[in-house]
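Just so you know, these numbers use all the heavy atoms, side chains as well, and skip hydrogens, waters and symmetry mates. Positions are given from 1 along the sequence.
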Amino acid sequence: MEKFLKELKIALEEAHIENKEEILATYLEHFTLGHEAGMSDEEIIDRFDQIEDIIWKLGRKKSDKEPEGYSIELDLACFSDFQIRCSNKVTGIQFDIDEGALDYVEIVREGKRIHLKNKGIDFFSKRKKYDGNMLIGSEVLFNQIKINNLSCDVHCNFKINCTNFFISNVSGDIHFSDVEVEETSVINNTSGDITLARLLTPRVKINTISGDISISDFTCDVAKLVTVSGDIKIAQSNEADFQISSVSGDVNILVGADTSKVKASSVSGSIQISGEMVGKALNTLFKDFKW
């Protein structure tokens, strides 16, 4: 409980959320009621949103104005290849997708909210996937970009500026050339590879199971990196606060990070920061132990 409330307080202060004491008191009350019902701290916390999601929702409530930019959500399960391209020939955001894909997806527009949405029809039985393009006019601004990907290769070769950036990838390969985020980035990866030539974001959480994540130029204030067996490689970083956890995957930050600002733990993976091994994996500690 104390750990959750402390992390929430820090996040509220960093996001300049008003009435933070009232918000903390509300969550403390949730813990009290949960304890009275016989619940453990873990069971209570499981019912909450992630802290970054709490902050994002509170941040949105700070203004009654409709966000200036577009909020995009892309469900890409029925595609094999999807391109995000800037085009001077379109105004706003348009889609150019294979006609057959329209049996399985629909484009839902609510003002500047656009959702390329699965219809819930089983397309796997046809064993055919489709190509698609999202064409973006030069005047377009983004509020949020969210990509839900299953076995589709996604490419974006121009600069993206947005408020929040979310990727949930299962088995496709994703490449973005340049992404600047004002608030929060969350990247969840299962077995595909994700490549970002440049990522600038105040806060980022990156989780990968067996896929590899590569970032050439990385700038962040706070970063949480978690890998099971995939590798995370950052070629160039600033001196961000890193929290790194690895089971058997390797994490390598080649240049720029400050080892004194890195908290790292590993079971058998290698964690290297600027050529220096950070901590020892558990299997190495067992080998070194004098029985």
Trainee: Scan residues 142-173 for pairs that pass ring pair (Phe, Tyr, Trp, His ring centres under 6.0 Å), counting only residues two or more places apart or in two chains.
Mentor: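 Listed once each, the pairs are Phe165-Phe176.
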Trainee: Between the side chain of Thr219 and the main-chain N/O of Ser237, is any donor-acceptor distance below 3.5 Å?
Mentor: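 No, Thr219 side chain to Ser237 backbone: no donor-acceptor pair under 3.5 Å.
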Trainee: Does Ser216 reach the main-chain N or O of Ile234 with its side chain, forming a donor-acceptor pair under 3.5 Å?
Mentor: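 Looks like no, no N/O pair under 3.5 Å.
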Trainee: Could you give me the CA-CA distance, side-chain angles and deciding distance for Lys261 and Glu239, then say whether salt bridge (charged side-chain N to carboxylate O under 4.0 Å, His left out) is met?
Mentor: CA-CA 7 Å; Lys261 300 175 72 174; Glu239 296 182 354; 5.3 Å; no
Trainee: Report, as yes or no, whether the 6.0 Å neighbourhood of atom CZ on Arg109 holds more than 12 heavy atoms from other residues, nucleotides or ligands.
Mentor: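 Yes.
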Trainee: For Gln83 and Asp81, test the side chains for any donor-to-acceptor distance below 3.5 angstrom and give the result as yes or no.
Mentor: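 There is such a pair between these side chains.
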Trainee: For Asn143 and Ser71, test the side chains for any donor-to-acceptor distance below 3.5 angstrom and give the result as yes or no.
Mentor: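 A pair is found: one side chain offers a donor N or O, the other an acceptor, under 3.5 Å apart.
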Trainee: Between Asn252 (side chain only) and Lys233 (backbone N and O only), is there a donor and an acceptor less than 3.5 Å apart?
Mentor: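 Not a single qualifying donor-acceptor pair exists.
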Trainee: Taking atom types as modelled and ignoring hydrogens, do the side chains of Ser80 and Asp131 form a donor-acceptor contact shorter than 3.5 angstrom?
Mentor: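 Per modelled atom types, Ser80 and Asp131 side chains form a pair under 3.5 Å.
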Trainee: More than 12 heavy atoms of other residues, nucleotides or ligands under 6.0 Å from CD of Glu13: yes or no?
Mentor: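 Yes, the 6.0 Å shell around CD holds more than 12 heavy atoms from other groups.
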Trainee: Should we count CD of Glu139 as having more than 12 external heavy atoms under 6.0 Å?
Mentor: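 More than 12 within 6.0 Å, yes.
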Trainee: Are Phe242 and Val226 joined in one hydrophobic group, where the rule is that I, L, V, M, F, W and Y side chains link up if heavy atoms are under 4.5 Å apart?
Mentor: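 No, no single cluster joins them.
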Trainee: Taking the six-membered ring for Trp, are Phe48 and Tyr27 parallel (under 30°), tilted (30 to 60°) or perpendicular (over 60°)?
Mentor: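 Because their plane-to-plane angle is over 60°, the rings of Phe48 and Tyr27 count as perpendicular.
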Trainee: Please verify the inter-ring angle class for Phe82 with Phe79; under 30° counts as parallel, over 60° as perpendicular, anything in between as tilted.
Mentor: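 Geometry flag for Phe79 against Phe82: perpendicular rings.
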Trainee: Is it possible for you to check whether Lys119 lies under 6.0 Å from the centre of the six-membered ring of Tyr104, through NZ or CZ, and within 45° of that ring's axis?
Mentor: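 Checked: cation-pi criterion not met.
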Trainee: I need the single residue from Asn169, Thr190, Asn189 that forms a side-chain hydrogen bond (donor to acceptor under 3.5 Å, both in side chains) with Asn149. Which is it?
Mentor: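 It is Asn169, the one option of Asn169, Thr190, Asn189 that forms the side-chain hydrogen bond (donor to acceptor under 3.5 Å, both in side chains) with Asn149.
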Trainee: Is a side-chain donor-acceptor pair under 3.5 Å present for Asp193 with His175?
Mentor: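 Per modelled atom types, His175 and Asp193 side chains form no pair under 3.5 Å.
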Trainee: In plain terms, say whether Glu180 and Arg198 are close enough for a salt bridge, that is, a side-chain N and a carboxylate O under 4.0 Å apart.
Mentor: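 Yes.
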Trainee: May I ask whether Ile55 and Phe4 are part of the same hydrophobic cluster, defined by side-chain heavy atoms of I, L, V, M, F, W, Y residues being less than 4.5 angstrom apart, directly or through others?
Mentor: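 Linked, Ile55 and Phe4 end up in one cluster.
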Trainee: Is it true that Glu7 and Lys3 have a side-chain N and a carboxylate O under 4.0 angstrom from each other?
Mentor: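 Result for this pair is yes, salt bridge flagged.
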Trainee: Using a 3.5 Å distance criterion without hydrogens, assess whether the side chain of Asn238 forms a donor-acceptor pair with backbone atoms of Cys220.
Mentor: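 Yes, Asn238 side chain to Cys220 backbone: donor-acceptor pair under 3.5 Å.
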Trainee: Does one hydrophobic cluster hold both Ile23 and Met1, with members joined at side-chain heavy-atom distances below 4.5 Å?
Mentor: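 Result: yes, single cluster for both.
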